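All values derive from a computational prediction rather than experimental measurement. Every number for a ligand or one of its atoms is a count from 1 in the order of the listing.
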Amino acid sequence: MALIGDKEFFKGIGEIKYEGRDSDNPLAFKFYNPEQVVAGKTMRDHFKFAMAYWHTLCGTGGDPFGPGTKSFPWAMASDSVKAAQDKADAAFEFITKMGFDYYCFHDYDLVDEADTLSKSEERIQGIVAYLKEKQEASGVKLLWGTSNCFSNPRYMNGAASNPDFNVVARAGAQVKIALDATIALGGENYVFWGGREGYMSLLNTDMKREQDNIGRFLNMAKDYARSQGFQGTFFIEPKPMEPTKHQYDFDAATSINSIREYGLENDFKLNIEVNHATLAQHTFQHELQVAANAGMLGSVDANRGDYQNGWDTDQFPNNVLETAEAMLVFLKSGGLQGGGINFDAKTRRNSTDLEDIFLAHIGGADTFARALLIADAVIQQSPYESLLNKRYASFNSGKGAEFSAGELSLTDLYDYAKGKGEPEQISGKQELFENIINQYV
Ligand code: XLS
Ligand code: NI
Ligand code: NI
C-alpha cells in the first residue's frame with residue numbers, strides 16, 4: 001500500500017470492508033456501506049466520518065487515578081518533529097484503512113508545543129507541510145481544525161475570556177497560527193470549543209465583560225480567516241461544564257443566542273456533541289433539533305456518555321435506538337451544513353490492543369449507518385410522518401391557518417373560543433410513536 005510507506009503501525013489489519021449484517025468478521029462493517037444510497041445520498045456523503053487526532057493518536061488512557069496504559073508505536077521517538085511525523089503516518093494509515101475521508105485536530109495534537117510561540121509556530125508549519133503531502137497522496141481531507149486553548153496552565157483562568165489581556169492576546173496568537181494551518185490544509189471548517197471559557201466562581205468573575213471579550217475575539221478570528229481566503233464555516237461546540245463549573249456555551253440554545261448577540265450568524269453554526277448534550281440534561285436529538293431550527297446544524301461530535309456517570313466519558317456510540325431518533329432529526333432537517341460526523345470518542349483505559357481502535361470506529365460507523373437506515377425506513381414506510389402531521393392539522397385550514405399566517409389578534413382567539421366550548425381531548429399517542437420506531441430497529 002503506497003499510502004502507508006515503509007512502516008506499518010497497525011500490522012495485520014487491512015482495509016475495513018462492508019460485509020453485511022450476517023458477517024462474523026469483527027473487522028468488517030455490518031451496516032456502513034459507503035456507496036449505498038439512502039435518501040438520495042451515499043452514506044459516505046451523509047456522514048463524512050472523521051477521525052479525531054486527539055483521542056485516537058494522543059490519548060493513552062490516563063485518568064485522575066493513574067497514568068496512561070497504552071504504549072503507541074508511533075509515540076516512541078524522542079525528537080518532537082520525528083514523533084509528529086510518525087503520528088501523522090499512523091493517522092493516515094488508520095484513516096485510509098478505515099475507508100474514512102476526513103480527520104480533525106487541535107494544533108498541539110499534531111506536534112508538541114515548544115517553549116516559545118515562534119518555535120511552536122515553526123513546528124506547526126513543519127508538520128502542516130508533511131500532512132499536506134499525505135493528504136494529496138491519499139485524498140483524505142481535513143474536516144476541521146481547532147486550537148487547544150485549555151490544556152496549557154496559562155489558560156487556567158480562560159483563553160478569550162481571561163481577565164488578563166496578555167493571556168487573551170496569547171490565545172489570539174495561537175488561534176491565528178491554528179487558522180493558518182487549517183487554511184493551508186484546505187480545512188472545510190474551524191471549531192471553537194471553549195473548555196476554559198466559563199467560570200468556577202461568580203464572585204471573582206465579571207461575566208458580561210468575559211462574554212463581550214469572547215464575542216470580540218470570535219469576530220477577530222472570523223475577520224482574519226476571511227481575509228486569508230477561508231470560505232468554510234466556523235462552529236461553536238456547546239458544552240455545559242467540565243472543565244469549568246459553568247461554561248458560557250452551555251448548550252445549543254445558549255450558543256445560538258451568543259452567535260446572534262455578537263453578529264456571527266452568517267459565519268457560525270454549531271458542532272453538536274452527544275455527550276455534551278446529555279451533560280446539559282438534553283438528549284442528542286434535542287440539541288440537533290434546536291440547531292436545525294436555527295439553520296445552524298453544522299457538524300456532529302459522535303460519542304456517548306454513561307447513564308450512571310455524570311461526566312464526559314466519550315465512549316464510542318453504540319445505542320442504535322437513540323441514534324435512530326437522532327437520525328430522524330438529521331434526515332428531516334437535510335443533514336449537516338458543511339460538517340460531518342467526527343468520532344470524538346476514546347477506547348476505554350483497559351482496551352489496550354491497537355485493534356480495539358478499529359473495533360471502536362467500526363462500531364460507531366455501523367451504529368450511525370444502521371440508525372440512518374432505520375430513520376429512512378420510518379420516514380418512507382411507516383405512518384410516522386402522517387401521524388405527526390395529523391397532530392398539527394388544525395393549523396392547516398380555517399382559523400388555525402389564519403393564526404399561522406399571523407392574521408389573528410388575541411380578541412379573535414377570544415371570539416373563536418367563546419363560540420366553540422371545551423376543546424375535545426386528543427391523545428398525544430407517545431407509545432404509538434415509540435412502537436413505530438421500534439418496529440423498524
Ligand atoms: C471536549 C471537546 C473537545 C472538542 C475540541 O469535551 O469535545 O474534544 O471537540 O476541542
Ligand atoms: Ni467532549
Ligand atoms: Ni468534541
Proximity to ligand 1 by part of Asp312, non-hydrogen separation under 4.0 Å: side chain
Glu273 N/O to ligand 1 N/O under 3.5 Å: yes
The Ni ion (ligand 2) to Glu273: nearest N/O/S atom name: OE2
Closest protein heavy atom to atom 10 (O) of ligand 1, given as residue, atom name and distance to 0.1 Å: His106 NE2, 2.6 Å
Test side-chain hydrogen bond (donor to acceptor under 3.5 Å, both in side chains) applied to Asp45 and Thr42, step by step: CA-CA 5 Å; Asp45 291 342; Thr42 62; 3.3 Å; yes
Any N or O of Glu237 closer than 3.5 Å to N or O of ligand 1: yes
Close approach of His276 to ligand 1, heavy atoms, under 4.0 angstrom: yes
Residue of the set Thr367, Asn318, Asn275, Asn319 for which side chain to side chain donor-acceptor pair (under 3.5 Å) holds with Arg304: Asn318
Distance from atom 8 (O) of ligand 1 to nearest protein heavy atom, with residue and atom: Asp344 OD2, 3.0 Å
SB check Lys141 Asp101 (cutoff 4.0 Å): no
Sub-3.5 Å N/O-N/O distance, Asn271 and ligand 1: no
Ring geometry between His282 and His286 (parallel below 30°, tilted from 30 to 60°, perpendicular above 60°): parallel
Donor-acceptor contact present, side-chain Glu242 to main-chain Asp312, <3.5 Å: yes
Location of contacts on Asp301 toward ligand 1, heavy atoms closer than 4.0 Å: side chain
Glu237 atom (N/O/S) at minimal separation from the Ni ion (ligand 3): OE2
Name of the Asp312 atom (N/O/S only) found closest to the Ni ion (ligand 2): OD2
Vertex the Ni ion (ligand 3), arms to Asp301 OD2 and Asp344 OD2, rounded to 10°: 90°
Side chains of Tyr248 and Ser161 in contact at under 4.5 Å (non-hydrogen atoms): yes
No-hydrogen, no-angle side-chain donor-acceptor test under 3.5 Å, Lys70 and Thr347: yes
Which of the ligand 1 atoms, numbered from 1, are nearer than 4.0 Å to a heavy atom of Lys239: 1 (C), 6 (O)
Ionic contact status for Lys332 with Glu385, cut-off 4.0 Å: yes
Ion pair Asp86/Lys7, N-O distance below 4.0 Å: yes
N or O contact, Trp193 vs ligand 1, cut-off under 3.5 Å: no
